[in-house]
Undergrad: 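My questions all concern the structure below.
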Number of protein chains: 2
Amino acid sequence: MAKFAPKRGESSGTAVMPAGAARFVDGYLAYLLARASHLVSAQFHARLPEARLSVAEWRVLCTLSDGDRLAVGALARFVLHKQPTLTKILDRMARRGWVKRAASEADGRIVLVRITAAGRRKVAPLLAAAKRHEADVLAGSGGAEAEALKAVLRDLIARCAADSMPTPPALSKRLRTR
Amino acid sequence: MAKFAPKRGESSGTAVMPAGAARFVDGYLAYLLARASHLVSAQFHARLPEARLSVAEWRVLCTLSDGDRLAVGALARFVLHKQPTLTKILDRMARRGWVKRAASEADGRIVLVRITAAGRRKVAPLLAAAKRHEADVLAGSGGAEAEALKAVLRDLIARCAADSMPTPPALSKRLRTR
DNA sequence: GTCCAGAATATGACTTTTCATGGATCGGCG
DNA sequence: CGCCGATCCATGAAAAGTCATATTCTGGAC
């Protein structure tokens with residue numbers, strides 16, 4: 001079966017695509033990342049509803065599953081949502097007893113979020129399922145190839161995250177002196 | 001500057017992360033893809049509001065920019081949205097004159113969508129900007145490395161798309177015979 | 001000590017997306 | 001032909017996300 005065989009109707013109508021000419025999106029990195037991300041996750045996400053979890057809730061739980069506490073804003077960046085969105089997600093999750101909020105002792109503005117024992121029980125089987133699903137997706141590629149892909153992605157992430165960092169303290173100080 | 005330096009507050013509180021132990025999410029392919037996709041696109045997406053475009057509208061226009069017509073459902077899969085969502089996006093875009101709907105002559109159920117001249121004018125400068133942005137993101141990696149990454153992503157996409165394909169006609173026929 | 005700019009989170013109005021469903025059409029089969 | 005399951009798109013109610021803003025707190029300047 002051809003790997004790029006169009007889905008039903010995908011090329012219907014009067015599509016005129018010269019053999020050699022790829023679509024814009026097929027060569028555009030941002031789109032390939034978005035589509036790969038979407039498809040790779042889709043199969044796993046399809047199993048979340050039966051666990052009564054939304055995608056965002058799953059991401060919160062597996063991010064917190066390592067045990068440390070995170071500020072709301074920091075957690076929001078991890079789960080790829082805006083802070084007000086996460087606040088509302090945390091409200092639901094706290095009501096259900098999966099996470100707990102506590103004011104930071106060091107800084108009164110910060111609210112630290114941690115996973116509860118119930119949250120851990122909720123997420124444990126899903127973490128295992130996620131690992132199995134990843135293995136399935138990567139089956140056929142060697143382990144080295146998979147690690148190489150992850151390394152490239154981590155590099156991309158680091159590079160873009162650096163760009164989107166808020167102005168560093170040292171510089172903002174200088175800026176304030178106009 | 002350390003590439004993985006935590007953002008302000010990212011490690012505040014009582015985080016206890018042994019040096020060697022990576023977070024679950026740092027080793028999880030689906031998360032790395034989601035985060036890379038999110039961050040790579042973020043900088044470009046930040047420039048869409050000034051062009052009065054939403055992310056979804058941008059994706060519709062650049063997908064259609066190659067000139068062929070697509071069915072609503074097929075287009076929805078391209079732009080990574082559900083079909084009802086796309087129908088509403090297309091309503092807005094058609095009102096603004098960027099796309100046009102037309103019934104398929106071959107199949108009365110299908111509505112084919114194509115970009116208009118106005119839509120083309122709208123998206124042209126953005127296509128150029130997108131290419132420049134991609135070049136910026138990939139600056140520092142060789143062209144060969146970038147192509148390799150894209151090839152891996154296309155492979156992932158092809159593999160997952162095959163899995164999520166609706167049951168092939170031949171098989172569904174067999175299934176119907178219970 | 002007081003002031004003030006800036007940071008972190010919460011809240012409410014608003015917009016966007018999704019789910020469930022309905023109407024229309026197609027294709028195959030008796 | 002006429003039926004029947006399946007496919008495709010549109011619609012309306014419900015859910016989720018976002019923007020702008022309010023509130024509380026911090027840390028440094030004066």
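Chain A is the first sequence line, chain B the second, and so forth, proteins listed ahead of strands; every chain is numbered from 1.
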Undergrad: Residues in side chain to side chain contact (heavy atoms under 4.5 Å, CB included) with B/Val111, at least two apart?
TA: B/Val72, B/Arg101
Undergrad: Using residues 126-137 of chain B as the side-chain source, report each donor-acceptor pair under 3.5 Å to any protein atom, sequence neighbours left out, with the distance given to one decimal.
TA:
{"residue": "B/His133", "atom": "NE2", "partner": "B/Gln43", "partner atom": "OE1", "Å": "3.2"}
{"residue": "B/Glu134", "atom": "OE1", "partner": "A/Leu29", "partner atom": "N", "Å": "3.0"}
{"residue": "B/Glu134", "atom": "OE2", "partner": "B/Lys150", "partner atom": "NZ", "Å": "2.5"}

Undergrad: Using whole Å, what does the distance between atom C1' of nucleotide D/dA16 and atom NE2 of A/His81 come to?
TA: 9 Å
Undergrad: What is the distance from CG of B/Asp107 to P of C/dG28, rounded to the nearest Å?
TA: 12 Å
Undergrad: Report the residues that fulfil side chain to side chain contact (heavy atoms under 4.5 Å, CB included) with A/Arg121, sequence neighbours left out, ordered by chain and then residue number.
TA: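 Listed in chain order: A/Ala117, A/Ala118.
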Undergrad: List the residues meeting side chain to side chain donor-acceptor pair (under 3.5 Å) with A/Glu145, not counting sequence neighbours, and say none if there are none.
TA: none
Undergrad: For a 4.5 angstrom cut-off between non-hydrogen side-chain atoms, does A/Leu149 reach B/Val152?
TA: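 The answer is yes; the side chains approach within 4.5 Å.
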Undergrad: Tell me the interatomic distance from A/Leu70, atom CG, to C/dA8, atom C1', rounded to whole angstroms.
TA: 14 Å
Undergrad: Would you state whether a donor and an acceptor, one from the side chain of A/Gln83 and one from the base of C/dA10, lie under 3.5 Å apart?
TA: yes
Undergrad: Quick one: B/His38 NE2 to D/dT18 C1', roughly how many Å, whole number?
TA: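 Taking NE2 of B/His38 and C1' of D/dT18, I get 13 Å after rounding.
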Undergrad: Can you tell me the distance, in whole Å, between the NE2 atom of A/His45 and the C1' atom of C/dT18?
TA: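 Rounded to the whole Å, the gap is 16 Å.
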Undergrad: Going by heavy atoms closer than 4.0 Å, what residues in residues 84-95 of chain A are next to DNA chain C?
TA: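 Listed by number, they are A/Pro84, A/Thr87, A/Lys88.
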Undergrad: Test of understanding: with side chain to side chain contact (heavy atoms under 4.5 Å, CB included), list the residues that count as partners of A/Val25, not counting sequence neighbours.
TA: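 Here the qualifying residues are A/Arg23, A/Tyr31, B/Cys62, B/Thr63.
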Undergrad: Tell me the ring pair (Phe, Tyr, Trp, His ring centres under 6.0 Å) pairs involving residues 47-68 of chain B, sequence neighbours left out?
TA: B/Phe44-B/Trp58
Undergrad: Rounded to the nearest Å, what distance is computed from the CD atom of residue B/Glu105 to the P atom of nucleotide C/dT25?
TA: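 Rounded to whole Å, this separation is 16 Å.
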Undergrad: Only counting residues at least two apart or in another chain, list the ones meeting side chain to side chain contact (heavy atoms under 4.5 Å, CB included) with A/Arg92.
TA: A/Glu57, A/Ile89, A/Arg95, A/Arg96
Undergrad: Where each pair must be Watson-Crick or G-U wobble with both distances under 3.5 Å, what dot-bracket representation of DNA chain D is obtained, with crossing pairs in [ ] and other-strand partners as |?
TA: ||||||||||||||||||||||||||||||
Undergrad: Residues two or more places apart in sequence or in another chain: which of them pass salt bridge (Lys or Arg N to Asp or Glu O under 4.0 Å) with B/Arg120?
TA: none
Undergrad: In chain order, what residues pass the salt bridge (Lys or Arg N to Asp or Glu O under 4.0 Å) check against B/Arg109, with sequence neighbours excluded?
TA: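 Here the qualifying residues are B/Asp107.
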Undergrad: Taking the minimum atom-to-atom distance to the side chain of A/Arg109, which one of C/dA8, D/dC9, D/dA6 wins?
TA: C/dA8
Undergrad: In whole angstroms, how far is the P atom of C/dG6 from the CD1 atom of A/Ile110?
TA: 18 Å
Undergrad: Closer than 4.0 Å, any side-chain N/O of B/Arg101 to the OP1 or OP2 of D/dA10?
TA: yes
Undergrad: Looking at residues 50-59 of chain A, who's got a heavy atom less than 4.0 Å off DNA chain D?
TA: none
Undergrad: Mind checking whether A/Leu61 and A/Val99 have side chains closer than 4.5 Å, heavy atoms only?
TA: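 SC-SC contact between A/Leu61 and A/Val99 confirmed.
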Undergrad: Can you measure B/Lys82 atom NZ to D/dA10 atom P for me and round it to whole angstrom units?
TA: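 Roughly 17 Å, once rounded to whole Å.
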